[in-house]
Amino acid sequence: MSDKLIIFDTTLRDGEQSPGASMTKDEKVRIAKVLEKMRVDVIEAGFAIASSGDFEAIKAVANNIQDSTICSLARALDKDIDRAGEALKGANSSRIHTFIATSDIHMKLKLNMTPDQVVDQAIHAVKRARNWTDNIEFSPEDAGRSDEDFLCRIIEAVIDVGATTINIPDTVGYNIPNQFGATIKSLIERVPNSDKAIFSAHCHNDLGLAVANSISAVMSGARQVECTINGLGERAGNTSLEELVMAVRTRQDIFDCDSGIDVSHILSASRLVSSITGFIVQPNKAIVGANAFAHEAGIHQDGVLKHRETYEIIRAEDVGWGANSLVMGKHSGRNAFKVRMQELGIEFDSDDLLNASFKSFKKLADKKHEIFDEDLQALVSEAQSEEYESIQLVSLKVYSETGESNSAQIVLSINSKEVSAIANTSGAVDATFSAINSLVDINVNLQLYSVSNVTQGTDALGEVNVRLESDGRIVNGQGADTDIIIASAKAYIHGLNKILVAHDRAHPQV
Ligand code: KIV
Ligand code: ZN
């Protein structure tokens, strides 16, 4: 029997630390439900002390998830740990994940503490966490650049007082696979009570090595990997869950462990995270990219048609490609719509939200005769965010002609009052954004603008992502429509609404 490899998903915490990826409570619950369906073992739902919004989101995830353990991050401080414990009270199974930095550079320049003080604080934190749960994870932050003797000392001390998982973070993505694996092996061998804890890897992708480093850790005895859907995360991201899980599953001839992940939900999880956060998946991304299973060269196609194993190591259907993708049409009723949404992990908190989403579905079905799962996800993301938005798009008329300037005439509802504006510039999208800016008193910089198609064909929904910066705060906005200029307006307005409600939140590692 091979060992169990624990999958710890931190999309809702480390993933949320990506610029502009911050999520609402409802969005976190939606993602958590898909993670539960995938049989993720541990869901890190947030950093409870970061903001009251994050606290409420962890609470909501804890109350809505039955099968996965729910975890909150906490610095090694009493107030953080108690806040995490409070947020997790409703969970069937909970874990507190506490951390303190252990590298010389972090201890000296960030914490201004001596190594002895750091060890004492770590011990105190783990003991404090035990007032709330027996399931305690400890991370020596920046372990990837920490002195190994010191790591052995602090790890032994925290296991002694009850830490059950020891997570080794390569916080700045500095490690190289054979070296990271050797560190894990050496820690397990050298720490006298290492058999009383599970060792875990948490790798960042600054050198593009997060998955490789995690795999090396698993081969060296780690039995938990921390990862995120689509590899989302701080800077270059974290270990991608889908890549790690599929590598271990595909190469069972090499690994003596396997995860319990139901891989058939991988693609829908990837799409959901991408549509909620506005982080597009690159086409050549392994497993979930649009080209991951597309065979271009004639010789490959020929081989695949004769015998798929000639060029395919994973069956596309196994990870959710092509499965049930054609779902509904214009004659589908409200109940069929609701049931299909439930199958996609989407529950409606209110009848109003169900009705708004169903109305958008009917409108879309009039324009586009085949409706796919991805279309449904995009519709709900939009309906869910509109519920709380103070700026709404009422109508947009755009005039475009070769060689002429473009004009956009827009009507917005701002706090339920209709206002309108016209702008003329050289491009249709630019004119639309200028017209919106003239009606809204927010100073923003557009940092990113991208358009992609949600499904195939010229009648597909176009999804627009924008990244806006205002007073140092960054948000991502998304909008989908069969008309990409309207999708652009929706995305821009979505971003502006986020800026209006965004509140300050503490960053765990600063
Ligand atoms: O990268 C890191 O060090 C972290 C810790 C909080 C585990 O995210
Ligand atoms: Zn991290």
Side-chain angles (χ1 to χ4, degrees), residues 6-19 21-22 42-50 54 58 71-77 80-81 83-84 95-107 109-111 118 121-122 125-126 129 135-146 150-151 154-155 158 163-175 180 183-184 187 197-211 213-214 217 222 224-241 244 277 279 505-510:
I6 296 168
I7 298 298
F8 176 114
D9 181 278
T10 183
T11 307
L12 305 181
R13 197 279 298 171
D14 214 317
E16 202 192 20
Q17 287 171 215
S18 321
S22 109
V42 186
I43 300 173
E44 188 165 51
F47 173 45
I49 200 135
D54 219 18
I58 297 169
C71 173
S72 169
L73 186 68
R75 288 167 300 190
L77 299 171
D80 281 40
I81 290 164
R83 195 79 175 140
R95 172 183 294 189
I96 293 179
H97 174 193
T98 187
F99 74 100
I100 190 164
T102 50
S103 61
D104 286 348
I105 182 168
H106 276 226
M107 287 192 289
L109 301 180
K110 183 174 95 167
L111 299 176
V118 168
Q121 195 164 316
V126 172
N135 191 341
I136 299 157
E137 173 168 326
F138 173 75
S139 290
E141 189 197 358
D142 203 17
R145 291 188 300 171
S146 300
F150 183 56
L151 282 178
I154 196 164
I155 291 170
V158 293
T164 45
T165 299
I166 299 297
N167 179 46
I168 306 299
D170 180 16
T171 304
V172 292
Y174 176 69
N175 283 226
F180 190 66
T183 303
I184 299 283
L187 290 174
I198 302 274
F199 278 67
S200 163
H202 175 112
C203 299
H204 279 270
N205 205 30
D206 299 67
L207 294 174
L209 293 170
V211 173
N213 285 342
S214 301
Q224 174 178 288
V225 175
E226 303 204 346
C227 40
T228 57
I229 302 291
N230 299 337
L232 197 68
E234 187 93 322
R235 305 181 309 278
N238 289 73
T239 299
S240 135
L241 179 147
L244 184 279
T277 59
F279 276 71
R505 43 179 298 135
H507 187 294
Q509 287 154 303
V510 177

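Excluded from the calculations below are hydrogen atoms, water molecules and symmetry mates; all remaining heavy atoms, backbone and side chain alike, are included. Both ligands and their constituent atoms are indexed starting at 1 by order of listing.
- Excluding waters, the set of protein N/O/S atoms under 2.8 Å from the Zn ion (ligand 2) reads Asp14 OD2, His202 NE2, His204 NE2.
- Between the side chain of Asn167 and the backbone N or O of Ser139 there is no donor-acceptor pair closer than 3.5 Å.
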TODO: Check step by step if side chain to side chain contact (heavy atoms under 4.5 Å, CB included) holds for Arg75 and Phe47.
DONE: CA-CA 9 Å; Arg75 288 167 300 190; Phe47 173 45; 3.9 Å; yes
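- Using a 4.5 Å heavy-atom threshold, the side chains of Asn230 and Phe279 count as separate.
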Open item on the list: Set out, in order, the CA-CA distance, both residues' side-chain angles and the distance that settles side-chain hydrogen bond (donor to acceptor under 3.5 Å, both in side chains) for Thr171 and Asp142, then state yes or no.
Closed with: CA-CA 5 Å; Thr171 304; Asp142 203 17; 4.7 Å; no
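- For Ser72 (side chain) and Ala48 (main-chain N/O), a donor-acceptor pair under 3.5 Å exists by modelled atom type.
- For the side chain to side chain contact (heavy atoms under 4.5 Å, CB included) criterion with Ile96, the lone passing option out of Asp80, Ile81, Leu73, Val126 is Ile81.
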Tabulated below should be the N or O atoms of ligand 1 paired with protein N or O atoms at under 3.5 Å; can you produce that?
residue, atom, partner, partner atom, Å
ligand 1, 1 (O), His202, NE2, 3.2
ligand 1, 1 (O), His204, NE2, 3.0
ligand 1, 1 (O), Gln509, NE2, 3.3
ligand 1, 3 (O), Thr171, OG1, 2.6
ligand 1, 3 (O), Gln509, NE2, 3.2
ligand 1, 8 (O), Arg13, NH1, 3.3
ligand 1, 8 (O), Arg13, NH2, 3.0
ligand 1, 8 (O), Asp14, OD2, 3.0
ligand 1, 8 (O), His202, NE2, 3.1
ligand 1, 8 (O), Gln509, NE2, 3.4

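- Of the possible polar contacts, none joining the Thr10 side chain to the Glu44 backbone as a donor-acceptor pair under 3.5 Å is found.
- Salt-bridge check for Arg13 with Glu226: failed, with every basic side-chain N at 4.0 Å or more from each acidic carboxylate O.
- Residue Tyr174 qualifies as open at atom OH: its count of foreign heavy atoms under 6.0 Å is 12 or below.
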